[in-house]
Amino acid sequence: MKEDSKLHESFLNLTVFLFNIVMIGLAKELPEQGKETSLHRLLGALLSATLAAEKKLDIIKTEYNIPIESKLREDVDTMCNLSQGIWETAEAAGKADMILAMRKAGYSYEEIARISGMTKEQIRQIEEDSMVNI
């Protein structure tokens, strides 16, 4: 019986080190203000790639009565810059994937340049960077 309680105690001590993961789905559009959508609206505002920092701060201050101090303002600005960087990186990766797919499909540099608005040199650079031999 004592060994069972020691085993149980050891197991409980191990569970302290387990992480909890929570996944929350956020819509592209900010939900309307309401009791049921309060958390989603706050997180959506903070993590939005389209809302300006001032709009985010306004929502935090007026809807959630959170005082806006200089540290919070700096943190929101940092988050806005990070989300913009993530967006730009994803956009560039998507464009590069499309360029590579067009080259594999037999499109010429001239055709891709005309369609994409990129120069032939930029297209060649995408190919070089991807190390795809077409």
Side-chain angles (χ1 to χ4, degrees):
M1 187 79 150
K2 283 187 177 185
E3 286 197 27
D4 282 343
S5 69
K6 283 184 182 182
L7 182 62
H8 182 70
E9 185 179 323
S10 295
F11 178 74
L12 289 176
N13 287 335
L14 284 175
T15 59
V16 171
F17 298 107
L18 296 178
F19 290 97
N20 290 318
I21 297 174
V22 176
M23 185 183 289
I24 298 175
L26 299 174
K28 285 185 179 183
E29 298 296 322
L30 205 56
E32 293 295 319
Q33 187 177 2
K35 197 173 193 176
E36 296 83 27
T37 60
S38 183
L39 177 62
H40 278 90
R41 184 166 170 82
L42 177 61
L43 292 175
L46 286 172
L47 301 174
S48 172
T50 57
L51 283 180
E54 284 304 315
K55 179 65 176 167
K56 291 178 183 189
L57 291 168
D58 182 56
I59 289 171
I60 292 168
K61 182 179 180 183
T62 59
E63 295 179 21
Y64 298 95
N65 299 318
I66 298 172
I68 307 298
E69 298 172 2
S70 62
K71 177 69 174 137
L72 179 60
R73 186 174 297 280
E74 289 172 19
D75 291 345
V76 169
D77 284 340
T78 300
M79 280 186 3
C80 287
N81 290 337
L82 288 174
S83 64
Q84 183 63 33
I86 291 168
W87 179 260
E88 289 169 359
T89 301
E91 188 176 39
K95 195 168 191 175
D97 288 345
M98 181 56 70
I99 298 297
L100 295 172
M102 291 174 78
R103 286 292 295 142
K104 285 181 183 177
Y107 285 81
S108 69
Y109 290 108
E110 292 78 15
E111 290 171 316
I112 297 172
R114 184 175 38 81
I115 294 167
S116 69
M118 297 176 76
T119 66
K120 290 184 237 180
E121 292 74 29
Q122 290 171 315
I123 296 164
R124 285 188 182 99
Q125 187 62 51
I126 289 171
E127 284 183 311
E128 260 182 50
D129 292 345
S130 71
M131 295 189 282
V132 172
N133 191 6
I134 298 175

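Positions are given from 1 along the sequence.
Applying the salt bridge (Lys or Arg N to Asp or Glu O under 4.0 Å) criterion to Lys120, with sequence neighbours excluded, gives Glu110. Here Thr119 pairs with Gln122 under the side-chain hydrogen bond (donor to acceptor under 3.5 Å, both in side chains) rule; sequence neighbours left out. Applying the side-chain hydrogen bond (donor to acceptor under 3.5 Å, both in side chains) rule to Glu54 yields the partners Arg73; only residues at least two apart in sequence or on another chain are considered. Residues meeting the salt bridge (Lys or Arg N to Asp or Glu O under 4.0 Å) test with Asp75, sequence neighbours left out: Lys71. Evaluation of the side-chain hydrogen bond (donor to acceptor under 3.5 Å, both in side chains) rule for Gln125 yields Asp129 as partners, not counting sequence neighbours.
In terms of heavy-atom proximity, Pro67 sits nearest to Leu72 at O-CD2, 3.7 Å. Minimum interatomic distance between Leu46 and Lys56 (heavy atoms only, all atoms of both residues): O-NZ, 3.2 Å. In plain terms, the two heavy atoms of Arg103 and Ser108 that are nearest each other are NH1-CA, 4.0 Å. Smallest separation of non-hydrogen atoms from Tyr64 and Leu42: OH-N, 3.2 Å.
Taking OG of Ser116 as the reference point, atom CE of Met102 lies at 7.0 Å (rounded to 0.5 Å). To the nearest 0.5 Å, atom CG of residue Leu57 and atom CD1 of residue Ile68 are 5.0 Å apart.
The salt bridge (charged side-chain N to carboxylate O under 4.0 Å, His left out) pairs that include a residue from residues 58-68 are Arg41-Glu63, where partners are two or more places apart or lie in different chains.
The neighbour count for Tyr109 OH, taken as heavy atoms of other residues, nucleotides or ligands under 6.0 Å away, is above 12.
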